[in-house]
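Here's the structure we're looking at; comments come further down.
Quick note: numbers below take in every heavy atom, side chains included, and nothing from hydrogens, waters or symmetry partners. Predicted model, so just to flag it, every value in this text is computed and none were measured.
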Amino acid sequence: MVTAQAQFLYSPNNCKILHMMRHGQGVHNVEAEKNIDALLSPELFDSPISALGWQQVADLRKYVHATGLLRRIDLVVTSPLLRTMQTAVGVFGSEGSDAGWKSNCPPIVAHELCRDRLGLRPCDQRRSVSECRSLFPKIDFSLMESEEDDMWYPEAREPYEDIEARGIEFLKWLWTRPEKEIAIVSHGVVLQHFLYVLENDSADPSVKTSLCRRFNNCELRSVVVVNKGMMDSDYIPSATN
């Protein structure tokens, strides 16, 4: 499902285009529809995408190729959970040789700040970096600070305000990057709260309604993030859809 096409409303020198994408349907999504308590099962640790999720990934891959979006994206940033990495590589990766990857596909980097809501549910706990590297040799894990998952905790779910605080730090990091057009492969609740951060100074109340609704699996939503020349330590850029 593809919504909210990007458009420039400001000088491109002060903008980045973010293509925000939720992962394909995960096995944990299927189980949660039957019984929400299933998400507490250790058997769903770092849940992979489902058969339907793979079909969603294939459909989105066709879209990014057919529209030329793949050629425009300079960088893909993915959550380090299995379902998001499967989606990132499935949509943006190469089906051919290493040379084909380098020449035709954007680099993919894993970043902890855009991972799913932390705590309590094993499906949101990640694998070790070594195992991730063995599964996804084309993904750059150099930004991962810890071999094991020291962010996840079993006692409680991460508060929503902490997700938004992560979003602020993640967006500040994006502004340090030279790339102009960036795809972010993440999780529904995380992307939604990142958009809450981005719409903080919007004068149009319809923006929150149209832009900040929950993402469907494999939904792609594109926004222009504007640097209004106020990039001090407390300033967060705004977004237009």
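Criterion: ILVMFWY side-chain heavy atoms under 4.5 Å apart, direct or through other members. Under it, L44 and M85 are not part of a common hydrophobic cluster. Residue L171 is grouped with residue W173 when hydrophobic side chains (ILVMFWY) are merged at heavy-atom distances under 4.5 angstrom, including chains of intermediate members. Residues I49 and V76 fall within the same hydrophobic cluster, defined by Ile, Leu, Val, Met, Phe, Trp and Tyr side chains chained together at heavy-atom separations under 4.5 Å. The same ILVMFWY cluster, assembled from side-chain heavy atoms under 4.5 Å apart, contains both V225 and V197.
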Inset, instruction - Could you walk me through whether H19 and S222 pass the side-chain hydrogen bond (donor to acceptor under 3.5 Å, both in side chains) test, one step at a time? - result: CA-CA 4 Å; H19 301 283; S222 301; 2.6 Å; yes

Inset, instruction - Apply side-chain contact (heavy atoms from CB on, under 4.5 Å) to D124 and R115, showing your working. - result: CA-CA 8 Å; D124 301 327; R115 62 182 292 179; 5.8 Å; no

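E148 and S128 form no side-chain donor-acceptor contact under 3.5 Å, judged by distance and modelled atom types alone. Q55 and D59 share a side-chain donor-acceptor pair at under 3.5 Å.
Rounding to the nearest 0.5 Å places CZ of R157 at 8.0 Å from CG of L39. For the atom pair I163 CD1 and L113 CG, the distance stands at 12.5 Å (nearest 0.5 Å).
Considering only heavy atoms from C-beta on, C218 comes within 4.5 Å of L60 through its side chain. Using a 4.5 Å heavy-atom cutoff, the side chains of V89 and K138 are not in contact.
By the ring-ring contact (aromatic ring centres under 6.0 Å, His included) test, W54 is found to be paired with no residue, residues two or more places apart in sequence or in another chain being considered. The salt bridge (Lys or Arg N to Asp or Glu O under 4.0 Å) test applied to R22 returns no partner, not counting sequence neighbours.
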Name every donor-acceptor pair, under 3.5 Å, that has one atom in a side chain of residues 184-193 and the other anywhere in the protein, sequence neighbours excluded.
residue, atom, partner, partner atom, Å
S186, OG, C114, O, 2.5
H187, ND1, D116, OD2, 3.4
H187, NE2, S79, OG, 2.8
H187, NE2, D116, N, 3.4
Q192, NE2, Y196, OH, 3.4
Q192, NE2, C212, O, 3.0
H193, ND1, E164, OE2, 3.0

